[in-house]
Amino acid sequence: MTGDGSVLEITVGHLNPLDSAYQWGSLVFKRALESYSRSRIRVRVLPLLNVSGGQLIQAVREGKLDIGVTASGPIGELVPEANAFDFPYLFRSRQHAYRVLDGEIGNEVSRAIRKVGLRNLAWWENGFRHITTTRKPIRKPSDLRGLKFRTLDNPIYQTLFRLWGTELSSIPFPELYDALKSGRVHGQENPLGFIIPNRFYEVQRYLTLTGHTYSPALFVMNSSGYERIPDPLMKIILQAAKLARDYERNYLRKNQQAFLRIAQKGGMRILTKKDIDFSAFVRTSRKLYARLGKPYEEIHRRIRLLSPLVP
């Protein structure tokens with residue numbers, strides 16, 4: 001964070017391409033904040049950073065970046081409370097997730113994040129995660145057995161895919177496309193808002209819409225930088241972060257069908273819920289709760305109580 005006494009510059013970094021929800025949301029944040037502040041704040045957006053999610057978070061903690069946008073998964077090692085959101089088939093819908101994240105539960109986890117030198121300005125979205133593969137279509141969990149697979153470096157995700165029989169390989173997200181192309185791994189899992197902008201349809205043949213987890217995103221700021229900003233300016237930063245959050249979420253929601261059309265046009269075969277043994281994915285994923293869910297039983301109970309009657 002730099003300034004010449006009259007203009008404050010804030011850097012926002014993320015790993016995704018220019019045509020991604022993170023980038024569009026960051027640009028909305030930039031335009032809104034520069035307008036609200038009457039040009040007292042200038043925002044520089046840095047996409048396509050060649051680091052892992054964990055490295056991005058560390059860069060924000062160290063003040064090398066002011067704000068970072070990343071999935072919640074990588075922060076779980078630092079803030080175990082954040083792992084609660086990563087359990088499979090916990091959220092019934094986007095509306096259910098928003099009730100949780102924008103309410104007291106999301107606020108509690110954001111307060112826990114403060115303990116590691118970060119301020120979560122708003123919960124953004126990655127969305128429901130799905131499986132892509134090259135060798136064969138995935139219709140049931142046992143079809144994953146023996147495949148070399150990439151998932152987040154997070155114990156919840158890793159345990160789930162080990163339960164489903166995959167051989168895991170730790171690959172930073174910027175290297176994933178090449179790893180899929182070379183056959184170093186046979187598959188991966190991500191939301192459509194990552195699969196399509198990163199053109200995984202060029203190097204993966206099958207897309208299985210498992211929706212196995214809902215993945216929030218963090219819009220996190222360095223705590224020291226946060227505390228140096230005067231209250232009137234911080235209020236408009238928070239206002240711009242929430243405006244950008246709403247835009248980013250809406251962008252992903254509106255483009256789900258467009259993403260699927262792009263995948264299909266790119267040569268992917270898409271397996272929907274009616275094409276797979278969806279109940280088997282749900283049933284086998286319950287073993288994860290038995291293995292790792294005990295510390296999160298109360299927060300999971302509270303999350304389920306917030307589920308809308310209609311998904």
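Model, not experiment: these values are computed from the prediction.
Ring centroid separation for the pair Phe219 and Phe29 comes in under the 6.0 Å cut-off. Less than 6.0 angstrom separates the ring centroid of Phe173 from the ring centroid of Phe194. Aromatic ring centres of Phe278 and Tyr89 lie closer together than 6.0 Å. The six-membered or imidazole ring of Phe281 lies near that of Trp164, with a centre-to-centre distance under 6.0 Å.
Val220 is connected to Val116 through a chain of hydrophobic side-chain contacts under 4.5 Å among Ile, Leu, Val, Met, Phe, Trp and Tyr, so both are in one cluster. Val282 is connected to Leu163 through a chain of hydrophobic side-chain contacts under 4.5 Å among Ile, Leu, Val, Met, Phe, Trp and Tyr, so both are in one cluster. Grouping the Ile, Leu, Val, Met, Phe, Trp and Tyr side chains by contacts below 4.5 angstrom, directly or via other members, places Tyr247 apart from Leu18. Hydrophobic clustering of Ile, Leu, Val, Met, Phe, Trp and Tyr side chains at less than 4.5 Å, counting indirect connections, keeps Leu152 apart from Val79.
Gln188 and Asn190 are linked by a side-chain donor-acceptor pair at a separation below 3.5 angstrom, with hydrogens and angles left out of the test. With hydrogens and angles left out, the side-chain atoms of Ser110 and Trp123 include a donor and acceptor closer than 3.5 Å. Looking at Arg261 and Gln264, their side chains never bring a donor and an acceptor atom within 3.5 Å of each other.
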Evaluate the criterion side chain to side chain contact (heavy atoms under 4.5 Å, CB included) for residue pair Ile303 and Phe91; output intermediate values, then yes/no. CA-CA 8 Å; Ile303 287 172; Phe91 294 100; 3.9 Å; yes
Take Leu78 and Arg61 through the test side chain to side chain contact (heavy atoms under 4.5 Å, CB included) and record every step on the way to the result. CA-CA 11 Å; Leu78 296 170; Arg61 292 179 75 199; 3.4 Å; yes
Verdict with reasoning, Tyr296 to Asn83, per side chain to side chain contact (heavy atoms under 4.5 Å, CB included): CA-CA 9 Å; Tyr296 307 101; Asn83 286 329; 3.3 Å; yes
May I have the step-by-step check of side chain to side chain donor-acceptor pair (under 3.5 Å) for Arg92 and Ser307, ending in yes or no? CA-CA 7 Å; Arg92 292 182 64 189; Ser307 175; 3.3 Å; yes
Test Arg249 against Trp124 for side chain to side chain contact (heavy atoms under 4.5 Å, CB included), laying out the working first. CA-CA 7 Å; Arg249 288 176 176 176; Trp124 286 22; 5.9 Å; no
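With hydrogens and angles ignored, the 3.5 Å screen pairs a side-chain donor or acceptor of Ser182 with a backbone N or O of Ala179. Judged by distance alone, the side chain of Arg150 and the main-chain N or O of Ile171 form a donor-acceptor pair under 3.5 Å.
The shortest side-chain heavy-atom distance between Lys30 and Ser26 does not fall under the 4.5 Å cut-off. Counting heavy atoms from C-beta outward, Val12 and Val43 have side chains that approach closer than 4.5 Å. Counting heavy atoms from C-beta on, the side chains of Arg99 and Pro308 come closer than 4.5 Å. Put simply, the side chain of Leu260 reaches to within 4.5 Å of the side chain of Ile270, judged on heavy atoms. Ser20 has its side chain out of reach of Pro47: every pair of non-hydrogen atoms, C-beta onward, lies at least 4.5 Å apart. Residues Arg31 and Glu34 fail the side-chain proximity criterion, which asks for heavy atoms closer than 4.5 Å. Residues Arg44 and Leu46 meet the side-chain proximity criterion, which asks for heavy atoms closer than 4.5 Å. Residues His14 and Thr70 fail the side-chain proximity criterion, which asks for heavy atoms closer than 4.5 Å.
Counting non-hydrogen atoms of neighbouring residues, nucleotides and ligands closer than 6.0 angstrom, the CZ atom of Arg42 reaches no more than 12 such neighbours. Counted within 6.0 Å of CZ on Arg94, heavy atoms from surrounding residues, nucleotides or ligands total more than 12; the atom is thus considered enclosed.
The pair Glu297-Arg302 fails the salt-bridge criterion, with no side-chain N (NZ, NE, NH1 or NH2) lying under 4.0 Å from an Asp/Glu carboxylate O. For the pair Arg199 and Asp19, the salt-bridge criterion is not met [side-chain N within less than 4.0 Å of a carboxylate O]. Checked for salt-bridge contact, Arg111 and Glu104 meet the test: a charged N lies under 4.0 Å from a carboxylate O. Of the charged side-chain nitrogens involved, at least one lies within less than 4.0 Å of a carboxylate oxygen, so that Lys140 and Asp143 count as a salt-bridged pair. For Asp102 and Arg245, the salt-bridge test passes: some basic side-chain N is under 4.0 Å from an acidic carboxylate O.
Ring geometry for Phe149 versus Phe161: interplanar angle under 30°, hence parallel rather than tilted (30 to 60°).
In terms of heavy-atom proximity, Thr284 sits nearest to Pro141 at OG1-CG, 3.5 Å.
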Just list the side-chain donor-acceptor pairs under 3.5 Å for residues 204-215, sequence neighbours left out, or say none.
| residue | atom | partner | partner atom | Å |
| --- | --- | --- | --- | --- |
| Gln204 | OE1 | Thr132 | OG1 | 2.7 |
| Gln204 | OE1 | Thr133 | N | 3.2 |
| Gln204 | NE2 | His186 | O | 3.4 |
| Thr208 | OG1 | Ile138 | O | 3.1 |
| Thr210 | OG1 | His212 | ND1 | 2.7 |
| His212 | ND1 | Arg129 | O | 3.1 |
| His212 | NE2 | Glu189 | OE1 | 2.9 |
| Thr213 | OG1 | Tyr157 | OH | 3.1 |
| Tyr214 | OH | Glu125 | OE1 | 2.7 |
| Ser215 | OG | Asn126 | ND2 | 3.0 |
| Ser215 | OG | Arg129 | NH1 | 3.3 |

